[in-house]
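Reckoned from all heavy atoms, side chains included, excluding hydrogens, waters and symmetry mates. Chain A is the first sequence line, chain B the second, and so forth, proteins listed ahead of strands; every chain is numbered from 1.
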Number of protein chains: 2
Amino acid sequence: MKKFIFPVLVFFTTVLFSQTPLINDSKSEEVVKKIVSTSLENWTSYKWLGELCKIGPRLSGSDNSVKAIKWAKAKMESMELDSVWLQPCKVPHWIRGEERALLISDKLNLYKELKITALGGSVGTEGEKLIAQVIEVRNFDELKKYGDKIKDKFVFYNVPFADTLINTFAAYGRGVRYRVYGAIEAAKYGAAGVIVRSVTSKYDSIPHTGVMLYADSLRKIPGVAISQQDADFLSDIIHLDNSLQVGLKLGCKNLPESTSYNIIGEIRGSEHPEEIILVGAHHDSWDVGQGAHDDGAGVVHSLGVLSLFKKLNIKPKRTIRCVLFANEENGSRGAKAYAEFVQNSNGKHIAAIESDRGGFTPRGFHVTTDSLTLKKLQEWSPLLSSALIDWIRPGGSGADVSKLKNVKALFGFVPDGQRYFDLHHSAHDTFDKVHPRELELGTAAIASLVYLIAEKGL
Amino acid sequence: MKKFIFPVLVFFTTVLFSQTPLINDSKSEEVVKKIVSTSLENWTSYKWLGELCKIGPRLSGSDNSVKAIKWAKAKMESMELDSVWLQPCKVPHWIRGEERALLISDKLNLYKELKITALGGSVGTEGEKLIAQVIEVRNFDELKKYGDKIKDKFVFYNVPFADTLINTFAAYGRGVRYRVYGAIEAAKYGAAGVIVRSVTSKYDSIPHTGVMLYADSLRKIPGVAISQQDADFLSDIIHLDNSLQVGLKLGCKNLPESTSYNIIGEIRGSEHPEEIILVGAHHDSWDVGQGAHDDGAGVVHSLGVLSLFKKLNIKPKRTIRCVLFANEENGSRGAKAYAEFVQNSNGKHIAAIESDRGGFTPRGFHVTTDSLTLKKLQEWSPLLSSALIDWIRPGGSGADVSKLKNVKALFGFVPDGQRYFDLHHSAHDTFDKVHPRELELGTAAIASLVYLIAEKGL
């Protein structure tokens, strides 16, 4: 019998050791542990994310977006915060409509439907079918070389995801420029439209959308994304038939701007109410999938922080303000409206923390701050190790909070990033892709950082 | 147009910052980066895991296990290592057979099939249907209080997973004792059998198996696990009808021991061939699912380390030996055979690294070593940050390598652990639950540590 005991006991020995914080602050350690266990016990963020995802995707201007704003406001009101309000801003109202693309190769007698997604903000084809030849390029330099040959053709940006980079956000950064600026560059040479290989780490048949831009001085041409599989297929066929055409029908259009809202709720600080710690995320999402990780996770992280302070009856010394920003995906109008409001108001933001990298297991925080504050934060960081925060490092914060000026420290929550761009901006980004423990630990990690700042100041 | 640019640029700013290692070793930094990018480019471990999982589960003594051993040996031979050999050991040969359980409540007129899995090593019911009342307990103290009332009844250990612990291995450690020792304790009071709530973080209808033990001096009674949902259901019904019975038919039995093998392959060191760095995992798995994370991941991590050294043409100064251990799940006979072999041979193991926590994103390494070596390792650890290793901390290594004596440092690879016990020992543990990037980064992290030790010694 004895011979069987070892495999089991090994599990216990791995648990007995734990890291000793560099600074001794047993009260904070206890609070962090309590925050973690409460999150894992109640799954509040996870349940709320289920409710939010059930509404559906929440693109600015959509009916769903209005429902989501009402839902979030009601959630804040249910927590009996010290104040809850809506802050209006104008937002674009882009709708998708019908979208179809057909690969046409008369030479090969091949006619195949391509699964496309219009890029956010794209013009449509006004009821017509736009048929044109396709020129494949791998970068903007190749585009330039083609020059005028591009006229009246589709430019196909076939740029594979930089899979060999360990940092998926860096890989995304490399590829996304073709989606964002591709139509502008192609329009300079009179292109008919652009087809972009989806900027995703997932190799499958699902296309990923995202914002595209136009230049006022150039013609606005339609932009669509195709999946990685279809991109390889299209490329293969172009090599067999360089007179291949694509027929495109896009019903998308921009409607007049509508009004959306930042949703704001706060717990006033007991000792320094004028010092504000912001936790935030964007409540809009692309109109495919459910915006579960992008950025439903951030929404329920931020709401969950307030909920934890209430549930644990922690009275923060400084004010904790949750801001759910409108319209991050295609305009950042919410972030701009909030930044303007802050410039004209009295409250002093000492810290702002954004969660917009999904609901995965915590790893650390990026922070933009001065070197003294960074040193202080890094001394605290061992207190956060029980919330799986292994580091606080210099780095960017997020698209919304980075608009704020004169904040002592801007933070970006950094969870594990290996799966994020599998889902991002696609039909894959649904609630079933969210793991309850991973999501909850994000809430706990952010709440723990907020607690330390609320107690100690910056 | 300008107003749209910010959201995109934010992604770039988060990428520009990176951590500076405490020690300056630009060659090692370069090699680690090359190891990472090569892993992510080739997906060798992922492809190999697909092949291994296709064989099916690999319980000791099974035909599949023989196939898996042949597969792994062929894989090593294909790499043109300096030597490849099989090391025999005797292993238990337990087979599952038919398994059925029926909940019988005459009082409620309720008859419901329970989905069960026999615990590994359990005796069967010898063709008979074993029908008995059920007594529910939450711990061994409650069992003792029932005492002789337990005679001829099923003991139902209804111990929920410790969900509020952030460390899932600690949570598992708390619950697993009822699965392992439950039958011994219940047999002391003459129980007919034991029914165990599955030790898993996943709340659903799938039961999780795992080893159970018997005492030679006590009667061997059958042991089965039921899912978390069925455990709650059974508990609810017991509260309505405490004369409720369960009927159990189990076809499992122990066949005569058979011969299995450790599979061993090595790249001889160029400067200190007598100093061995072991990378290892166990090749057996439970007979449900595919053993994808437990421990197919560890198998392809270990094989993948050899493959990376070969592919990158790195000639290690010290010997790298990959050992794929037999029979970790129900006897650790492979680990014992290898430990004995080492004691009687000349090679000096300076380090042994085990991967048996699944194929998730790397976080760190646990190490069992002296304080001076720990200090040295922690000075190196920033060199591993490009492989997502954020720390090296004191902790247990793993069930197989911990059998080795006089090794300077025993390591356990520690990936993210939040999903592991959702899958562990169940039908959920299949290839589709493995993320290619997460798996590959495990290989890269272990290969990077091996590289540093091979270069610098310990």
Q: Do Glu440(A) and Arg437(A) pass the salt bridge (Lys or Arg N to Asp or Glu O under 4.0 Å) test, and can you show the C-alpha distance, the side-chain angles, and the key distance before you say yes or no?
A: CA-CA 5 Å; Glu440(A) 291 298 333; Arg437(A) 292 181 60 92; over 6 Å; no

Q: Measuring from Thr369(A):OG1 to Leu410(A):CG, what's the distance to the nearest 0.5 Å?
A: 8.0 Å

Q: Looking at chain B, which one of Glu438(A), Glu41(A), Lys33(A) has the largest number of heavy-atom pairs inside 4.5 Å, strictly under?
A: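 Winner by heavy-atom pair count: Glu438(A).
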
Q: Between Leu165(B) and chain A, with a heavy-atom cut-off of 4.5 Å, which part of the residue counts as in contact: side chain, backbone, both or neither?
A: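 Just the backbone, heavy atoms under 4.5 Å.
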
Q: Supply the atom-to-atom distance Phe325(B) CZ to Glu354(B) CD, rounded to the nearest 0.5 angstrom.
A: 6.5 Å

Q: Working to the nearest 0.5 angstrom, can you tell me the gap between Thr164(B) OG1 and Lys34(A) NZ?
A: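 Going from the OG1 atom of Thr164(B) to the NZ atom of Lys34(A) covers 8.5 Å.
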
Q: For Asn42(A), is it the side chain, the backbone, both or neither that has a heavy atom under 4.5 Å from a heavy atom of chain B?
A: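 Neither the backbone nor the side chain of Asn42(A) comes within 4.5 Å of chain B.
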
Q: Identify which part of Leu441(A) has an atom lying under 4.5 Å from any heavy atom of chain B, answering side chain, backbone, both or neither.
A: side chain

Q: Side chain from CB out, backbone as N, CA, C, O: work out which of these in Asp400(B) comes under 4.5 Å of a heavy atom of chain A, or both, or neither.
A: neither

Q: Could you tell me which portion of Ala444(A) (side chain, backbone, both or neither) has an atom closer than 4.5 angstrom to a non-hydrogen atom of chain B?
A: neither

Q: Of the backbone (N, CA, C, O) and the side chain (C-beta and beyond), which part of Ser386(A) lies under 4.5 Å from a heavy atom of chain B, both, or neither?
A: backbone

Q: Looking at OG of Ser60(B) and CD of Glu328(B), how far apart are the two atoms once the value is rounded to the nearest 0.5 Å?
A: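 Atom-to-atom, Ser60(B):OG and Glu328(B):CD are 9.5 Å apart.
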
Q: With rounding to the nearest 0.5 angstrom, report the CG to OG distance, Asp295(A) to Ser285(A).
A: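 The distance works out to 9.5 Å.
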
Q: Count the heavy-atom pairs under 4.5 Å between each of Thr361(A), Ile166(A), Asp163(A) and chain B, then report the option with the highest count.
A: Ile166(A)

